Amino acid sequence: MENIRLACQGIWGHKMRSFLTMLGIIIGIASIITIVSTIQGTNEQIKENLIGAGSNVVTVQLYDGEWPADFSYNPVPPQVRPIDDIMHQVLESLDGVDQVAFYTQRSWPDGVYVGSTSFSGTLYGIDDAFLNVESYRVLYGRCFQQSDYDNFRRVILLDKKAVNTLFPTTYPVGQVVEIKGEPFTVVGVVEQNNGFKPKISSMNDYQLYADTSSGAIFLPSVMWASVYQFDEPQNVAVKATSTDDMTLAGQNVADALTASQIISTGQPMASDDGMGMDDSNMAVPEGDTVGEEVTAPEGYSYQSEDLLKQAQQLQEMSSATNQQLIWVACISLLVGGIGVMNIMLVSVTERTSEIGLKKALGAKKRRIRRQFLTEAAVLTSLGGIVGVLLGIGLAQLISKTNGIPVAISIPAILVSVVFSILIGLLFGLLPAVKAANLNPIDALRRD
Amino acid sequence: MILELKHVYKDYLRGKEPVPVLQDICLSVEEGEYLAIMGPSGSGKTTLMNLIGCLDVPTSGEYLLDGKAVGELNDNALAELRNHYIGFVFQNFYLLPKMSAVDNVALPLLYAGVSQKERRERAIAALEAVGLGERINFLPNQLSGGQCQRVAIARAMVGNPKLLLADEPTGALDTASGNQIMEIFQQLSDQGMTIIMITHEPSIAACAGQTLHILDGQLLTGAENQEDCHEA
Ligand SMILES: Nc1ncnc2c1ncn2[C@@H]1O[C@H](COP(=O)(O)OP(=O)(O)OP(=O)(O)O)[C@@H](O)[C@H]1O
Ligand SMILES: [Mg+2]
């Protein structure tokens, strides 16, 4: 403590020199903080944009080989079994899974008209959990009720975009939409609550997110068969327990479905007694390897459309370039450290008689060493703190002028300060040892 | 017997060649003695003082301080010994310029591990003893040379050492300040302190109870402090 006070006095006594010495550290730390903040900001934005801040929903779809299975023209494959209630419960008990909803989906459906206007969005056949899982809320009219499912009512919900294209001028609730020749009554208008509102800050962003914006019509899943003649394999909307669990939840559901719903041609049927085992297997999957193991190169499999993984890939791309910048900043830190060592050596020479006197009065080596180490560490940690402040300021400035988002990371700040202290200790060591080993007679002889 | 040098030699290396600076020094000092050492410049007075003060160790020969053989001790042990046994007064005072008088005086106590509060109390008492009770918070550059030397004496005395070593304590002072310093030394000697003092001035040496002469690294024979060593 006493040492720190003395060190501060010493530094204050040579303000200009101390500042110049710290400059290397300041610049190094400031650039690191700026770069890290920018990386973090970009990453968080990518994640936010792709995932849609907080809905935590992963889609698991049936794939035919490498592509999502499409039943517009192809018949339903016999080896894919329909999902039953037991499976539903099993899925919801998997690690990372909060809730699942099932739906069928047809983009650009034919035969959907209002008068002579045809609908070019997406048609969904949804179960009673879907709207909840995907965080839809009712804007006008009402939601689906149990009785709609029980009684096979011809009712539909529209989202706002569908309303805009189909009923630009009339109040939609109560209107009729013709689907495959059958009349369906609009009972409500819904909107996704958390809104998938990507921040568009560049042309790239625009292209990335543009395809999410066609209208949607929802009908009760039980009516899908009456429209399209048969039950199609369903997609699963998986709500994960947290954003970080999205990959896990998606993987688990996809693997469980692939294992139990698809009757493999080569092996005997994977039946329900395989289920108990699945749970334990589920704990293992991590990252990409599992997908490859389960996915037969040909044939059907369930795969999760992993937004988190996509986000990570984008993040890695943006981080990789910035990481090289960090190395450059580290070199500046190294140069700063050498500057500190240089000044500390000068300081030892200047204070030879002080050191000699202290030793004559009974100061041990350890004490002298500690004094100079403290001084170096205080010097660099001050540099580190100033650098952090400067870095934060710089990051804010960049975000203001360039529109690049920044997120100040507390761990990065702590690591920077600790790191700058370590630099002080490292580069202060040589001068400190030199001071401690001074011979008191020689030191006193010099005036 | 507080200290005893037996056939002590000290060489310095000039280049690779050892140059003898002290030769066959035999000296024993009783507790409470007040000793002056005189000699021409370059005769080895300061070198002898450094040996006695445990700032250096002899090349050969034996040095016992309070019965302890100093020659075998390492750096840290020597530091501890200096801190406990010896108070130094230098020609150029060697006060730390950024510290107040009281902080300068308290320094040896810091190294002895005395608590902050006690350090301050004892430092103030020591400053009062040398007549600087009102100037405890002055910086060295706010004090006269004589006052600085009195601060240095207070610093030498604050740890209650057994031995006071002074290398030309009045060398940088005018006669009046010099006399003041000598008065303080006399008081300390009267209180039973052992004092060894180097000086060029015969008038200063006269204050001491006894004077030794050194020439070309050898103590002049005949002084009683040498006898038993050479007989042995
Ligand atoms: N560290 C050293 N290296 C080499 N020679 C030294 C060293 N210290 C002292 N000497 C030599 O030893 C001799 C005695 O030096 P010392 O300082 O003891 O003399 P002194 O009697 O104190 O002189 P003065 O009265 O001028 O202070 C001198 O010739 C000096 O050059
Ligand atoms: Mg001398």
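Excluded from the calculations below are hydrogen atoms, water molecules and symmetry mates; all remaining heavy atoms, backbone and side chain alike, are included. Keep in mind that what you see is a predicted model, and the values were worked out from it rather than measured. Each chain gets a letter, A, B and so on, in the order the sequences are listed, and its residues count up from 1.
- Annotation: side-chain contact (heavy atoms from CB on, under 4.5 Å) contacts of A395(A) (sequence neighbours excluded): T34(A), S37(A), V406(A), I408(A).
- The neighbour count for Q116(B) CD, taken as heavy atoms of other residues, nucleotides or ligands under 6.0 Å away, does not exceed 12.
- Along residues 48-57 of chain B, the residues that come nearer than 4.5 angstrom to chain A, judged on non-hydrogen atoms, are N50(B), L55(B), D56(B) in order of number.
- Within the 4.5 Å cutoff, the side chain of R366(A) has no heavy atoms near those of the N76(B) side chain.
- Your options are Q9(A), R367(A), K359(A), and the one with the most heavy-atom pairs under 4.5 Å with chain B is R367(A).
- In terms of heavy-atom pairs under 4.5 Å with chain B, the best-connected choice from P440(A), G362(A), G356(A) is G362(A).
- For OH of Y111(B), the number of neighbouring non-hydrogen atoms (other residues, nucleotides, ligands) closer than 6.0 Å is greater than 12.
- For N439(A), the part sitting under 4.5 Å from any heavy atom of chain B is the side chain, from C-beta outward, and nothing else.
- No side-chain heavy atom of K364(A) sits under 4.5 Å from any side-chain heavy atom of D75(B).
- Residue-environment remark: NZ (K15(A)) exceeds the threshold of 12 foreign heavy atoms within 6.0 Å.
- Within the 4.5 Å cutoff, no side-chain heavy atoms of F88(B) are placed close to those of L357(A).
- Heavy atoms from other residues, nucleotides or ligands lying under 6.0 Å from CZ of F138(B) number more than 12.
- For the residue pair A79(B) and A363(A), the shortest heavy atom distance occurs at CB-O, 3.8 Å.
- Residues L361(A) and R82(B) are not in side-chain contact: their nearest non-hydrogen atoms beyond the backbone lie 4.5 Å or more apart.
- Of the atoms belonging to L81(B), not a single heavy atom falls under 4.5 Å from chain A.
- With contacts defined as side-chain heavy-atom distances shorter than 4.5 Å, the pair Y94(B)/E354(A) does not qualify.
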